[in-house]
Amino acid sequence: MIFSKLSLTAFGPFTDYVINFSEERPFNILFGLNEAGKSTILRATTDFLYGFPNQSQDSYLHATSNLRIQACVKYASGKELVLMRRKGKKNTLMDHEGKPQDDVLLQQVLGHIDKNLFLMMFGMDHHALRKGGENILKGGGAVGESLFEAASGISGLRDLFRKLEDESGKLYKPQSSKMFINAKINEYKEVKARITAGSLRPPDWKEREKAYQEDECEVRELREKINKLRGEKTKLERIKKTLPLIAKRKEYLNEIGQLQGVPILPASFRDERLKFLDAKNKSLLDKEKVARDIEKLGQRIAGMSVPTELLESAEQVNNLQERLDTYRTYLKEIPERQGEVEELERGAIILLREINPSLSSLSEAEALKIPLSVKKEIRELGSVCRVLEEKLEAAESRVDEYGFSLLQIREEKEKIGTIHDLSELKNVAERAQKQGDLENELVQARTDSEILKVEITKAIGSLGLWSGTIEEAEVLPLPLPETIRLFEQDFQRLTEELRKIAESIGKESASVAFYEKKLIKLELTGELPTEDNLSEARNRRQKGWQLVRRSWLEGDPEIAEEKAFDPENILSVAYELSVTEADNVADSLRSEADRVAEKASCLESIAQSENELSELRKKRIELEGKSSALNDRWVKAWHGTKISPLSPNEMLAWSGRYQNIVSRINELHKAMAKVKNLQDKIAIHISELSIALLNLGEANTAKTLASHVSRAQEVREASEKNKRILENYEKSRIDFEAKLKKAQQEHSKVEKSLHVWREKWSAAMSQLALSADTTPEVASALLDKLEELFQKIDTANIRKHELEKKKGYTADFVCKAASLLETLAQEFSDMPAEIAVSRLKAKVDQAKLDATTLTELHNQMKKARTASEEIEKRISEVCRGLNTLRARAGGKELSELEHVESQSRRLVEINNNLRHLDEQLWHLGSGHSLEEILTEADGVDGDMIAGIIVDVERELEALDEKRSLLEQRFGVTRQTYEELLKGTRASALEAAEEAQSIIADLRPLTEQYLQLRLAAIVLQRAIDRYRDENQNPVIRRSSEIFAELTLSSFAALKVDFDDSDNAILLGVRPTGETVRVEGMSDGTRDQLYLALRLASIERYLESHEPVPLILDDLLVNFDDQRAAKTLRILAKLAEKTQILFFTHHNSLLNLARDVIPAHLLTEHCLER
Amino acid sequence: MEFKFIHAADIHLDSPLVGLARYDGAPVKYVRTAAREAFNNLINLALQEKVSFLVIAGDLYDGDWRDYNTGLFFAAQMTRLREARIRAFIVRGNHDAASQITKHLSLPDNVQEMSCDAPEVKCLDDIGVAIHGQGFSKAAITEDLSRNYPDPLQGYFNIGVLHTCASGREGHESYAPCDINSLAVKGYDYWALGHVHKREVLKKDPWIVFPGNIQGRHIRETGSKGCSLVSVNEGRIEAVQHRNLDILRWSLCEINASGAADLDDILERAKQVLETEIAHAEGRLLAVRFLVSGACPAHNNIFAAPESLINNLRQLATDLGAGHLWVEKVKIDTRRLVSQEEVLSLPPVESLVQYIRELANDEGAIVGLLAEFAALKKALPPELYEDDGISLKDSRYLQGLLPQVEELLLSRLRGKEALTGDI
């Protein structure tokens, strides 16, 4: 398959860029400088063949989805296809109609080689060459590898071997423990050991079971023995304790035998007996005492007497006695009160006279009494009078004050006068202000326009080619810049054409000169006939022959022509000469054929060149004519401006400067318009302001707008201030007027009230019999005096009444005392009443005391008699009790009772002791009956028992120790045994699981290792086989190529074997000396690799469809000679397949032109 | 009379789970004693269902397993049954015929082992059941044991216990073969078979049942595992129910990677498959083997770095399985889109491929290659060669590796920038 056409429809920087490939000229040099898109086209070839990669670097101009490459490919079969590759995921290959096509169309002819392999094998650049060379060195020139690599383009077999080796080495090494597989194997062994360690073998189990049972039995027996011995020891210790108790017991039993027949008396017996005896003695003593008391009481009662009549009047006496204190006080007070009454009456009479001197008796005072309501009214009116008077005064003073204030305000307002309407002035002034500082602006604008004018004038002066005023400059009729540019282009084109023609004329002239020189050189060695010479000679011979025929055969000689034919010789001679001449020329032409041909060629060339020259000269004259016509048109274009123009290029620059001036002039116009505008505005504002001020009657002498504005401002401010003052006055006036009105209303109201009061007052005064103009103060004083008088009279009356009551009380007391004394104690009747009553009272009190004492004595007597009876009864009870006791003690006499009591007590004590003893024994007996305890102690020698116990204890200690050890041992055995019995131990099982997981780990590792090792082995063997199969033809061809590439520095390649018996490549010098790859220079190794590659490709092409060979600047590291050789070899390859040779080196292009037969070569100059 | 009994077989007590390579995130602690716990489940089921007896039809132990702790575990479990007055009948199978454990183990009196010399009958008069059975006296019994089984006892519910390959089952040694029809005409009410690890009901009249093993031990024992619970009423079987007992379930997740563009694409497909599997496992531990196959553009990248796919699948399993999922293995069997034959016509490469293919058919050359790995073979643990493992004795194994070697070499020769299926 080869490319007939490659079209970069949309790819990289290209759009519809087409490269045509010629089948006849298969060696394609694609030449392009850097950035010409060489690499892009290179990529386009593979992208077309294999589709665009996911991330294309060529989608910056065209969107990724729009990328398109079209190509026309031709198969060896002659079939031709137009295919289009687009970017996408599916159906990226299409035919020229856009129908999807199967990639197989391309893949089949590419031998199903994938993109990488394609690039490796059929793509080559100087890097690949250098790498190939290096790999040959790395492989030590191993033939198989070198061939394999060169044939496939695959590089780095050595690295691949090493990598396979490394990777497998990491997995496993026979004598290592660190590699993955080795480590896992060790881990596995360790886990296996754990399985064994964790396993319980059946015999082990049996052994454990037996040990457990034996230990259990031994422990049980020992425990039983110890328990028995302990029982023995306990018994002995018990006997040791019971022996003394048993002895004591015997003693008690003896004593009981002796006390037989003694009754057992209750514990209270003795106390009872003593109590009875004591009670009897005490009762006898009480009996005597009571008899003595009765006698004494009888004597005292007989000696007592009581006056009964005195006791009966005791209440009356008491009554008097109680009134005695009051009586005494009244007796003292009566004369004092009498004096007081008299004093009050005297005071009252004095007051009466003060009020009305005509009255002298208190009884007449009653007529002066005034009703309470009148009194109250007069006092109220008095107080109201004061309030009203104060109010009246205040109202009067306010009326005066407000009236005065109003007067003042009126005066002030008059002073200020009227206010003008300022709205017009305000509007005008504001409008002027809004414009800003117009006057300043005007000054600035004037300055700007002046400066601009000066600058423009200056610019016109320095413009050149033209001068005039600003106004003239504005209207200058210049041609347009576009016109100038067109002229420029025309000039340029004409100049260029003229230059080319001059160049061609020069070339052709040189060519003529060259060939003429060559001709001269040729003819230096003798004149050379030309074909023209020959035909000329033949023509002359022919002419001669015609003349001869005319003259001789026809007899009609043409003398003049004969003369003309040869003026010197006769016709026959002349004809002969002409024949000889023609023959000579022909001979000469034959013998000097080469030189003749060269001369002919020279002449031909000269003729051709001269033809060319005349054509060129004609063309030059034509162009020159065009040029002068263009110049005329150019000058004419500037006619109206009176400017003689320079070249269009210069005039373009000049016109630029002129345009600049014109635009400045436009600016000047604008500036001047601005000045005019400002002046107008200022005048309008000044006139508006003047009129407004005049209307307000304000004289104005100002000139400028600013002073007008400020004057207007002043007027406005003054006027506004007055307005504010007036407003304030008006407000005050209204306020005061309101206040004055209110004050006047209040004044008249108070006056009305006063009038009413006066009427009431005169009525009240008439009731007091006073005149109406009596002042409230005088009336009030009179009322006070009257009140004092009546108070005194009332007090005197009350005192008089009290005096009378006290006098009655004293008289009653004396009367009652006398009557009592008369009946009860005449002996006191001579004494003053108060003393007699006191004495009588003392007498009654004594009688009461005596009566009480007698009653008490009777009571005591009665009690004593009852007590005596009680004592008798007690004595007889005691005697009965004593008799009962005697009966209980077995009818003994009272005196014997004490002895019986003591015997009985002893008997009870022994019995108690015995019971206690039995209880002790029983406690010690640990559950044995008393009988058993007594029996077991029977016959035991108390002196020996301590010794026996010590022996038993010793034996026990020894056994305990033994048991402790045994139990300890048994505890361990039992724990493990029971633990095992639970069936929960799984350590072996867990280890087995772990072992399985290691096996599972090992599987993929081992498999991977085997794959890697097998890969290395298989690859090596495959390479060796490939070498064996291909070595001869490929090495033979490589050898030839290598000799050529090294310019016969090497004569051939040779296969030999190294020390390890590996086949290696050697270079053979023309002398027969061999050189190993290590001994070759880098460049030579590159050539060796290239030789191998080219030979392999040739071999591939022998049996496969051709595939374009893509070479990218392959020869940059080669010198010219070697590059030329390589190109020749490639040219030969080009006969078998298409070559796309990319370069950006001009020298390589030239070299290719020299070296590669023209009929094979197609040049493509890549341009963007 | 109404009663229930359980029929289990092929317990292989304490034989470890095979093929679970450990990796970060693998649920190691949960898996540790899965087989024991499955047996524990069996006993729990017996107690819960209040069965009258339990029949174990052979292969209670693994023959070469010598840890007596296993026996003690079994005895302890039997004691639990004893406390509930449940009896157990055991026959020996090929795996425990010569078990060291059985020889020395003293079992509680509720457990009875059937004779290995001749068919024996055990009668349970209280419920009217007669159990006939004979164990394996040695591992390889090749004669039909059932032929000597006696006629059924009249008036009893007759059960035949037999460890047998029946008429032969793939993957199982053909021991004590027998004819199903002969069993059927024997007149027994129920045949409790053992040996075949996959549950299978051979016949329903009378019932002839392989209950399968109670816990899968490797990837070839996928799916639910357990025992058969049989309910009998008045001498007639009312129901035979399968009850799941397994702790860990093995599952083969086949991922169709055909046309998968990249790793993510495959992971997405794996996720869907895995989610279904997790749902089926009913909360059990899962041990999953991924089988990724199909021609796809992603092939080249997967082949260049298979660890990436493996690690990603493990991560996926860890995430989805919430710590209860173990990736047993990731088997990658993807293919390139364009077949190998079409790819190569480059002379040296073509020659290499040709060489590898010739080698695969050259028995002698392969045997020669085996010698290269003699040291490794010696060092590797023998277990590695078991089952579908690696065999360095067998030339066929190396032959089997050659296609992968070819792929490896081509991939390496092509270089790192191997295209990922654009063409």
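Labels below follow one simple rule: chain letters A, B, ... track the order of the sequence lines, proteins then strands, and each chain is numbered from 1.
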- Message: Does any backbone or side-chain atom of A/Ile998 lie under 4.5 Å from a heavy atom of chain B? Answer side chain, backbone, both or neither.
- Response: neither
- Most contacts with chain B, counted as non-hydrogen pairs under 4.5 angstrom, among A/Leu1019, A/Leu93, A/Asp204: A/Leu1019
- Message: Which atoms of A/Lys982 are under 4.5 Å from chain B, going by heavy atoms: the side chain, the backbone, both sets, or neither?
- Response: backbone
- Query: Between A/Thr976 and A/Arg208, do the side chains contain an N or O donor and an N or O acceptor separated by less than 3.5 Å?
  - Reply: no
- Checking A/Leu989 against chain B: side chain, backbone, both or neither under 4.5 Å from a heavy atom? both
- Query: Distance only, no hydrogens: is a donor on one side chain within 3.5 Å (strictly under) of an acceptor on the other, for A/Ser168 and A/Arg1013?
  - Reply: no
- Message: Walk me through whether B/Glu83 and B/Arg80 qualify under salt bridge (Lys or Arg N to Asp or Glu O under 4.0 Å).
- Response: CA-CA 5 Å; B/Glu83 280 159 12; B/Arg80 288 176 65 202; over 6 Å; no
- Message: Counting heavy-atom pairs closer than 4.5 Å to chain B, which one of A/Leu1014, A/Asn182, A/Ile1017 comes out on top?
- Response: A/Leu1014
- Query: How about A/Asp1024 and A/Gln1020: does a side-chain donor come under 3.5 Å of a side-chain acceptor?
  - Reply: yes
- Note on the structure: The interface call for B/Ala379 against chain A, heavy-atom contacts under 4.5 Å, is both
- Top of B/Phe74, B/Tyr68, B/Phe373 for chain A proximity - count of heavy-atom pairs under 4.5 angstrom: B/Tyr68
- Item | Test side chain to side chain contact (heavy atoms under 4.5 Å, CB included) applied to A/Arg162 - qualifying residues, sequence neighbours left out | A/Asp159, A/Asp166
- Item | Check against salt bridge (Lys or Arg N to Asp or Glu O under 4.0 Å), A/Arg1037 and A/Glu1102 | CA-CA 13 Å; A/Arg1037 177 64 188 135; A/Glu1102 278 167 18; over 6 Å; no
- Item | Proximal component of A/Arg985, with respect to chain B [non-hydrogen, under 4.5 Å] | both
- When the aromatic ring centroids of A/Phe122 and A/Tyr1100 are compared, is their separation below 6.0 Å? yes
- Message: Is it the case that atom CD in A/Gln55 sees more than 12 heavy atoms from other parts of the structure closer than 6.0 Å?
- Response: no
- Item | B/Leu408, part contacting chain A, at a heavy-atom distance under 4.5 Å | side chain
- Validate the cation-pi geometry between B/Arg314 and B/Tyr23: distance from NZ or CZ to the six-membered ring centre under 6.0 Å, angle to the ring axis within 45°. yes
- Query: Can you say whether B/Gln354 sits under 4.5 Å from chain A via the side chain, the backbone, both, or neither, judging by heavy atoms?
  - Reply: both
- Message: If we define contacts as heavy-atom pairs under 4.5 Å, which of A/Lys184, A/Gln1011, A/Arg1099 has the most with chain B?
- Response: A/Gln1011
- Largest heavy-atom contact set with chain B, pairs under 4.5 Å, which of A/Arg1021, A/Lys206, A/Lys192, A/Arg201: A/Arg1021
- Below 4.5 Å from any heavy atom of chain A, which atoms of B/Leu359 appear? Answer side chain, backbone, both or neither. side chain
- Basic-acidic side-chain contact under 4.0 Å: A/Arg194, A/Glu990: no
- Heaviest contributor of heavy-atom pairs below 4.5 Å to chain A, chosen from B/Glu328, B/Arg36, B/Gln404, B/Lys378, is B/Arg36
- Message: Measuring from atom CZ of A/Phe180 to atom CG of A/Leu1005, what distance do you get when rounded to the nearest 0.5 angstrom?
- Response: 7.5 Å
- Note on the structure: Of A/Ala986, A/Ala995, A/Pro174, the largest count of non-hydrogen pairs under 4.5 angstrom with chain B goes to A/Ala986
- Task: Sort out for me which of B/Leu402, B/Ile356, B/Leu369 touches chain A most, counting heavy-atom pairs under 4.5 Å.
- Result: B/Leu369
- Query: Do you know which of A/Leu164, A/Leu981, A/Leu1010, A/Leu1002 has the most heavy-atom pairs under 4.5 Å to chain B?
  - Reply: A/Leu1010
